[in-house]
Amino acid sequence: MEVNPKLLKPYDPTETEARIYKLWEESGLFNPDNLPGNREEAFTIMMPPPNVTGVLHMGHALMITLEDIMIRYKRMQGYKTLWLPGTDHAAIATQSKVEKEIQKKEGKSRHDLGREEMLKRIGDFAQQSHDTIISQIKVMGASCDWSREAFTLDDKRNLAVNTVFKKMYDDGIIYRGNRIINWDPKGQTTISDDEIVYEERTAKMYTFKYSKDFPISISTTRPETKVGDVAVAVHPEDKRYENLIGKEYDLIFCGVPIHIKIIADKAVEPEFGTGALGVTPAHSMIDWEIADRHDLPRPQVINEYAKMMVGGENILGKKTTEAREVIVEWLRTEGLLEKEEEMKQNVSTAERTGGIVEPLPKLQWFINVNKPIKERGNKTLKELMREPLKNGEIKIIPEYFDKTYFHWIENLRDWCISRQIWYGHRVPVWYRANENNSETYCGVVAPEGEGWKQDEDTLDTWFSSGMWTFSTLGWPEQTSNLKTYHPTDVLETGSEILFFWVARMVLMSEYVLEEIPFKTIYLHGTVRDGQGRKMSKSLGNGIDPLDIAQKFGADAGRIALVTGTAPGTDSRIDENKIKGYKNFANKCWNITRFVLDTVDESNFETQGRTLGIQKGSTLVPIIEEFKKISEDITSDMENYRFHIASEKIYHYIWHRFADEIIEETKEIIKTKDEKSEERKTALILIWKDCLKVLHPFMPFVTEEIWSILPGNKNLLIIEKWPTEFTLDEPSNDNRP
RNA sequence: GCGCGGUUAGCUCAGUUGGUAGAGCAACCCGUUUACACCGGGAAGGUCGCAGGUUCGAGUCCUGCACCGCGCACCA
């Protein structure tokens with residue numbers, strides 16, 4: 001039959017993809033409410049909201065591809081599929097980015113601008129960034145429901161955040177306390193334990209005595225903190241120091257009076273250094289805990305700017321690093337310094353700003369992860385996070401991440417949720433004080449009456465993203481959406497945010513809704529560059545998915561990212577691989593050309609799945625073969641083996657269907673008999689099903705081809721996934 | 001220190017429950033009167049990190065070791 005003139009030229013992804021996406025959007029079929037047929041069962045994915053800090057990278061591209069594959073597959077299987085997109089305000093990351101820019105361009109700090117103006121500027125930036133990201137997601141072919149799009153910092157999500165905060169506050173899960181926290185002097189805010197990255201550096205360790213009369217030598221890499229020491233701790237069974245335990249000394253250390261008590265504590269490692277630890281409660285996590293156990297004072301000697309708060313002119317107000325040198329010099333001249341040695345050290349730095357983290361005591365808001373919750377049978381948040389994975393309600397793919405997850409929970413401490421930045425959900429607590437008393441009010445909205453002042457701090461961005469699976473569905477309102485789509489089915493995300501986000505979603509959903517947030521966690525690895533390096537701005541080795549789409553087509557980029565990339569493992573971006581799949585799209589294009597060239601209109605009329613194919617027909621073997629492969633692929637899809645499914649369909653289409661079946665066909669159709677007609681019918685039949693199976697991986701080219709094939713009324717995205725391959729029994733046939 | 005993952009063809013990686021090793025790219029030979037050169041045909045290439053064990057049979061399960069990567073803890 002006559003061939004569409006489009007097919008005479010090579011496939012042009014750029015022109016096609018934009019047009020097809022528009023077609024899909026206009027069809028309204030991304031929205032589950034508009035899907036045809038009686039769809040009882042829902043299938044839901046909440047898109048991990050990209051940060052509004054910039055542009056999409058290849059990691060996002062992989063995420064979008066995987067989720068789109070699952071959604072398209074389930075949509076074709078007749079599920080009520082909801083893929084809800086959104087973006088994340090990413091509090092610290094976004095604010096620090098805008099602050100940097102303003103500092104660079106205008107030489108102004110956020111304090112110069114003031115809270116209101118600063119928030120406006122960040123808001124503008126976020127909006128712009130949001131628009132870029134959304135358009136990029138569309139280029140990738142994401143079939144998500146834009147009518148339900150959400151933002152972690154919009155009004156609806158704010159209502160959810162305040163409602164949860166109040167519930168936790170009333171339950172005593174959230175408390176305000178003066179505790180040691182991780183302070184980022186660069187970002188001027190607290191950060192959680194999980195926002196720390198460790199960098200290995202060499203440091204000098206100094207061994208010395210506080211004074212000539214002091215009986216024990218101690219070692220430290222941070223002599224400047226020693227002006228805040230209150231004790232020397234030794235191991236309870238360390239014979240060397242046994243007789244000194246309990247003794248107290250008043251000393252002057254580099255001009256600062258200190259009071260040192262010698263105590264015994266199991267946390268001390270007798271083998272390390274001198275086996276004695278100078279305890280600085282205010283500036284070391286572990287020392288803070290020792291101080292807890294021994295009821296020691298906790299003088300703060302370093303402030304929020306990493307400068308000294310005590311001492312004489314020689315150190316007061318100096319940066320910690322400068323003070324260190326002064327103190328070392330003093331030790332030297334006093335003859336107290338016994339040893340200096342190089343050692344490897346892990347320095348804690350803030351993930352977002354790179355600032356060196358300074359542990360400090362501060363009044364902050366915390367979530368208590370160890371408090372028994374009455375309404376939940378006295379289980380703690382830790383237990384609520386652990387249980388659904390333990391009892392199999394939630395499965396992680398790949399499975400081995402279970403252990404990492406449990407291990408993290410074991411080591412979990414109370415979660416510091418308050419941040420001293422402006423961009424974010426403000427802590428919904430108000431204070432009012434007069435001569436007689438001070439009041440604190442926690443509520444979803446501001447209290448009535450005069451004189452209330454809201455807490456200045458904002459909340460950790462993960463506090464709001466933890467509610468993502470249900471805040472997006474309208475909670476706290478009991479919406480029908482919530483009923484239909486929660487718990488969601490799959491949470492697909494990068495393995496690096498298992499703790500940050502995934503665990504927090506389990507926490508929030510279990511605590512608030514008393515149900516799991518999702519049934520399956522699918523983790524993908526990191527997409528690296530050709531040399532195996534992580535893509536980063538500083539290295540300048542990032543690849544923009546848009547460039548790939550421009551050069552090879554989004555389809556090619558998608559299937560290249562997925563094929564051969566097992567769950568949880570890192571992958572490398574390889575232009576040759578993508579190019580190969582660009583060729584594959586063209587191959588499909590030309591297969592279509594051949595098929596249409598070969599068959600007649602009448603073959604389309606008889607191509608119904610079971611029409612014309614009888615047991616004993618010459619077609620049975622190739623139909624049976626395709627049936628087997630397609631069933632295999634379906635099973636791979638069900639078990640999240642997309643990296644295998646895509647390879648199978650690719651291989652079948654190119655090396656079986658094109659290279660062999662089509663080549664045979666050329667011979668067969670030379671004789672114009674029944675066999676030849678059967679073969680033509682088979683070509684159409686199989687090719688149409690190939691397009692369906694390939695569609696989740698390469699949605700654009702398959703949809704375009706589908707529209708060219710005669711007789712296809714529906715868009716391919718809602719065609720039925722091939723499942724039934726029953727061949728007609730002769731008895732069921734109407735023919736004699 | 002504890003834990004997790006990796007080690008398979010020159011390169012990048014697949015390999016579901018144990019049953020004679022796979023893909024892409026690269027390299028080699030041949031082929032162009034048209035579905036496609038963004039192509040076709042053919043051949044080549046691996047003692048599956050090492051050493052044991054279980055089994056009729058191990059890339060796959062068990063034990064130990066080595067190297068690489070990562071997470072957590074420590075980091076006085």
Side-chain angles (χ1 to χ4, degrees), chain A residues 3 7-11 13 193-194 197-198 200-201 203 205-207 217-223 225-226 229 232-234 267-269 272-280 284-287 290 343-348 398-412 495-496 498-499 525-526 528 530-532 552-553 556 560 563-566 568-598 632 635-636 638-641 643-648 650-651 654-655 658-659 662-663 665-666:
Chain A
V3 168
L7 291 168
L8 299 177
K9 281 187 263 171
Y11 175 63
D193 294 343
D194 300 292
V197 274
Y198 297 100
E200 199 181 84
R201 295 184 191 175
M205 185 157 81
Y206 304 93
T207 303
S217 303
I218 56 163
S219 299
T220 183
T221 52
R222 301 198 55 190
T225 62
K226 298 290 107 183
D229 280 13
V232 164
V234 297
V268 181
E269 183 61 60
F272 191 93
T274 61
L277 160 66
V279 182
T280 324
S284 154
M285 294 285 169
I286 193 156
D287 294 7
I290 292 175
M343 64 175 287
K344 289 252 189 270
Q345 191 192 28
N346 283 329
V347 177
S348 314
E399 267 174 46
Y400 57 74
F401 275 101
D402 276 8
K403 286 201 175 174
T404 318
Y405 181 87
F406 293 131
H407 191 241
W408 175 78
I409 291 176
E410 295 312 312
N411 290 310
L412 189 61
S495 50
E496 76 277 5
L498 181 61
F499 312 137
T526 309
R528 296 166 177 279
Q531 291 150 54
F552 306 104
T563 307
T565 304
T569 54
D570 292 356
S571 57
R572 297 187 185 192
I573 187 74
D574 178 358
E575 285 218 354
N576 275 328
K577 189 175 176 188
I578 304 173
K579 197 177 151 203
Y581 287 106
K582 179 185 194 277
N583 297 349
F584 178 55
N586 194 53
K587 188 77 184 179
C588 294
W589 197 243
N590 280 296
I591 288 171
T592 309
R593 182 173 158 190
F594 176 85
V595 170
L596 290 181
D597 218 10
T598 307
D632 271 5
S635 149
D636 288 332
E638 286 300 318
N639 292 293
Y640 303 92
R641 296 190 293 260
H643 60 300
I644 297 181
S646 59
E647 191 173 320
K648 278 182 187 157
Y650 167 89
H651 198 259
W654 199 321
H655 300 299
D659 289 350
I662 282 185
E663 290 307 317
T665 304
K666 288 177 184 172

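Note on naming: letters A, B, ... go to the chains in the order of the sequence lines (proteins, then strands), and numbering restarts at 1 for each one.
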Proximal nucleotide (of B:rA35, B:rC75, B:rC4) relative to the A:Lys666 side chain: B:rA35
Between B:rC72 (C1') and A:Phe401 (CZ): distance, integer Å: 14 Å
Contact under 4.0 Å: A:Tyr198 side-chain N or O vs B:rA73 OP1/OP2: yes
Pair assignment for B:rC67, Watson-Crick or G-U wobble, requiring both distances under 3.5 Å: B:rG6
Sugar-phosphate only, base, or nothing, as touched by A:His643 at under 4.0 Å among non-hydrogen atoms: sugar-phosphate
Nearest listed nucleotide, side chain of A:Asn583, among B:rC38, B:rC72, B:rG5: B:rC38
Might you list the N or O atoms of the protein lying below 3.5 Å from N or O atoms in nucleotides 17-24 of chain B, with each pair's distance?
| unit_1 | atom_1 | unit_2 | atom_2 | d |
| --- | --- | --- | --- | --- |
| B:rA23 | O4' | A:Glu647 | OE2 | 3.4 |
| B:rG24 | OP1 | A:His655 | NE2 | 3.3 |

Sugar-phosphate, base or nothing in reach of A:Thr221, heavy atoms under 4.0 Å: sugar-phosphate
Phosphate-side-chain proximity, A:Ser646 and B:rA14, N/O vs OP1/OP2 below 4.0 Å: no
Sugar-phosphate only, base, or nothing, as touched by A:Tyr400 at under 4.0 Å among non-hydrogen atoms: sugar-phosphate
Per A:Ala566 side chain, nearest of listed nucleotides B:rC72, B:rA14, B:rC4: B:rA14
Below 4.0 Å: OP1/OP2 of B:rG40 and any side-chain N or O of A:Lys587: yes
Sugar-phosphate only, base, or nothing, as touched by A:Arg641 at under 4.0 Å among non-hydrogen atoms: base
Base-pairing mate for B:rU47 - Watson-Crick or G-U, with both contacts under 3.5 Å: none
Residue whose nearest RNA chain B nucleotide is more 5′ - A:Asp636 or A:Ala233: A:Asp636
Sugar-phosphate only, base, or nothing, as touched by A:Ala658 at under 4.0 Å among non-hydrogen atoms: base
RNA chain B contacts made by residues 590-598 of chain A, counting heavy atoms under 4.0 Å: A:Asn590, A:Ile591, A:Arg593, A:Phe594
Any A:Trp654 side-chain nitrogen or oxygen under 4.0 Å from OP1 or OP2 of B:rG40: yes
Touch class at under 4.0 angstrom, heavy-atom based, for A:Val347 against every strand present: nothing
Who pairs with B:rU16 - Watson-Crick or G-U, where each distance is under 3.5 Å: none
Complementary nucleotide for B:rC75 - Watson-Crick or wobble, under 3.5 Å: none
is_close_aromatic(A:Tyr650, A:Phe584), centroid dist under 6.0 Å: yes
Touch class at under 4.0 angstrom, heavy-atom based, for A:Gly273 against every strand present: nothing
Nucleotide forming a Watson-Crick or wobble pair with B:rG52, both distances under 3.5 Å: B:rC62
G-U wobble or Watson-Crick pairing nucleotide for B:rA35 (cut-off 3.5 Å, both distances): none
Touch class at under 4.0 angstrom, heavy-atom based, for A:Asp570 against every strand present: nothing
Residue A:Ile644, side-chain atoms from C-beta onward, closest of B:rC74, B:rG15, B:rC38: B:rG15
Sugar-phosphate, base or nothing in reach of A:Glu269, heavy atoms under 4.0 Å: base
